[in-house]
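Below is one structure, written out as structure tokens; the observations come after it.
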Amino acid sequence: MDQDKNRLITELVYTFSKMANISDKNEIDNIINRLCYMNIDDAIDNILILLNDLYQRKIINLDDIYSETGNIIKLNPEKYRSVDDLIGRLNWIKGMNMECTKMSLDENHRLVIETFDRFNELISGKFDCYYTGGLMGYLATNHKLERYHGDLDLFINEQQLALLKELVDSSSDFEFVSNMDYKEEHGHEYMIVCKGTPMSIGLFLFERQDDNSITTKEYYYEGEDTNRQLFVDEHHYSKSYTDMSFSNLVRYHNGISYRMMSLESIYNAKKNARPKDRHDAEVIKNNVDMMIDYKLDVERKNNFNVDHKLLSSSVIQTIEQSIKVKNEYNQGDIIIK
């Protein structure tokens, strides 16, 4: 970033710090250094997010913000020509769930791609699994990443869960984490954490049937700790739905093979969801077979029943027991030391 823009950022931070009665020089200098280190678009996004936070907390008012919008526009006058442009950008940021100032957008994109490549290299070709989620649409269509991505999502055959845990446990880059103690009806039973980063890979579990159709499974406990019972919600998808959604096309990223849900399936799940999901859907829309999307809608409408079952034993209980033993071993090891 050039010196004139660094100077403008410094003046803006000191001006708004005075308005907000922030007097800690270290805090002010840290904000300035972080903003000046970013590219100009990320810096403006972060300034808008910080100002919106101060406004929502009633620390500054709209007149305070409007008094300095001219200087914010000067940071990139080719992109922002008015207050309405800045407001539009802030609304877009909020709609995309991008109100994160812990890292720049560029850094987030670098980190999520690096995590994908490292994890994909670990599991490539070894498992019956499919990546899903917004990131995959961008990668499959070679579209430049635009928003923050907090994690990756992976459908995996539950019969291979123990093997995946064993592989992850042997890795120096990742850690296998259970959410079962506090998981409710929805969410990930397990996730793979990329050590030293905020990135993770959330797991969705499924069972492969004899005809190669898929039954997705959601596990959770009900009842008190001393008398809790394990339940599973099973959603069986027809062979035709499975074939349309779980693509066996082998793709490559940076020379590493992987499989993912079909673009039609990702589009179908996102097109009527949250603003950021609808944006992801628009990104891949031109690459989607709309007839398949229509067929997926019909299948979803006619196949929405979920079987709710109490379990006496399952692969989940085996995994949980192995985690318990590992934790007890580690605690004992620490005590011996």
Side-chain angles (χ1 to χ4, degrees), residues 123 125-134 136 151-168 176-180 183-192 201-222 228-251 258-273 277 292-323:
I123 69 167
K126 300 181 179 73
F127 295 92
D128 182 14
C129 63
Y130 304 84
Y131 289 100
T132 188
M136 307 317 299
D151 58 10
L152 297 163
D153 294 304
L154 184 75
F155 276 97
I156 184 165
N157 189 325
E158 66 175 11
Q159 295 302 316
Q160 297 179 317
L161 191 59
L163 179 62
L164 176 63
K165 180 181 181 300
E166 182 180 340
L167 184 64
V168 170
F176 192 97
V177 176
S178 172
N179 297 323
M180 287 301 296
K183 180 185 180 295
E184 297 181 349
E185 291 185 42
H186 302 293
H188 298 293
E189 288 83 1
Y190 301 102
M191 62 183 182
I192 313 297
I201 300 96
L203 303 182
F204 293 114
L205 307 179
F206 69 82
E207 179 183 359
R208 178 77 69 176
Q209 304 297 333
D210 291 340
D211 64 353
N212 275 331
S213 65
I214 275 177
T215 299
T216 58
K217 297 190 172 187
E218 291 189 69
Y219 293 91
Y220 54 94
Y221 287 105
E222 287 185 355
R228 64 180 187 171
Q229 295 177 304
L230 180 64
F231 286 84
V232 63
D233 287 347
E234 297 182 346
H235 192 165
H236 178 68
Y237 294 112
S238 68
K239 179 67 164 57
S240 62
Y241 184 94
T242 298
D243 290 343
M244 289 187 290
S245 296
F246 294 83
S247 172
N248 286 320
L249 173 66
V250 178
R251 299 176 183 269
Y258 70 95
R259 291 187 303 173
M260 58 175 271
M261 302 290 288
S262 69
L263 284 175
E264 288 77 17
S265 175
I266 293 173
Y267 175 82
N268 191 265
K270 285 178 169 287
K271 64 182 181 180
N272 296 317
D277 294 313
I292 294 178
D293 173 60
Y294 170 75
K295 290 178 179 178
L296 289 172
D297 280 337
V298 173
E299 287 267 2
R300 285 179 184 272
K301 182 178 180 180
N302 295 332
N303 182 20
F304 59 88
N305 292 327
V306 175
D307 292 329
H308 181 66
K309 297 180 179 180
L310 172 66
L311 296 178
S312 57
S313 64
S314 73
V315 64
I316 295 294
Q317 288 168 314
T318 302
I319 294 291
E320 289 299 301
Q321 184 59 34
S322 70
I323 291 174

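Both backbone and side-chain heavy atoms feed into the values below; hydrogens, waters and symmetry mates do not.
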Atom [atom1] in [X], atom [atom2] in [Y]: separation rounded to 0.5 Å?
X	Y	atom1	atom2	value
L163	D128	CG	CG	12.0 Å
L296	Y267	CG	OH	11.5 Å
N157	E207	CG	CD	8.0 Å
K271	D277	NZ	CG	13.5 Å
D297	N302	CG	CG	10.5 Å
I123	L167	CD1	CG	8.5 Å

Do other residues, nucleotides or ligands put more than 12 heavy atoms under 6.0 Å from the CD atom of E166?
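It does not: E166 CD has 12 such atoms or fewer within range.
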More than 12 heavy atoms from other groups under 6.0 Å of NZ on K309
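Counting neighbours around NZ of K309, 12 or fewer heavy atoms of other residues, nucleotides or ligands fall under 6.0 Å, so no.
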For [X] and [Y], which heavy atoms make the closest approach, and how far apart are they?
X	Y	value
E189	L203	OE1-O, 4.0 Å
I266	M136	CD1-CB, 4.0 Å
T242	S213	OG1-CA, 3.5 Å
K239	N212	CE-CB, 4.0 Å
S265	M261	OG-CE, 3.4 Å
F206	F155	CE2-C, 3.7 Å

So [Y] and [X], do their side chains get closer than 4.5 Å, heavy atoms only?
X	Y	answer
Y130	L154	no
I156	L205	yes
R208	I214	yes
R300	Y241	yes
L310	E222	no
K217	E234	yes
I292	S262	no
Y190	K165	no

Kindly say whether V306 contributes a backbone atom to a donor-acceptor pair with the side chain of D233 at under 3.5 angstrom?
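Checking the backbone N and O of V306 against the side chain of D233, no donor-acceptor pair under 3.5 Å is found.
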Does any N or O in the side chain of T132 come within less than 3.5 Å of the main-chain N or O of D153, such that one atom is a donor and the other an acceptor?
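The answer is no, because no donor-acceptor pair under 3.5 Å joins these two groups.
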List the residues meeting ring-ring contact (aromatic ring centres under 6.0 Å, His included) with H236, not counting sequence neighbours, and say none if there are none.
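H236 satisfies ring-ring contact (aromatic ring centres under 6.0 Å, His included) with no other residue.
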With sequence neighbours excluded, what pairs up with F231 under the ring-ring contact (aromatic ring centres under 6.0 Å, His included) test?
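H308.
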Report yes or no: is the cationic atom of R251 (NZ for Lys, CZ for Arg) closer than 6.0 Å to the six-membered ring centre of Y258, at no more than 45° off its axis?
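Negative - R251 is either too far from the ring of Y258 or too far off its axis.
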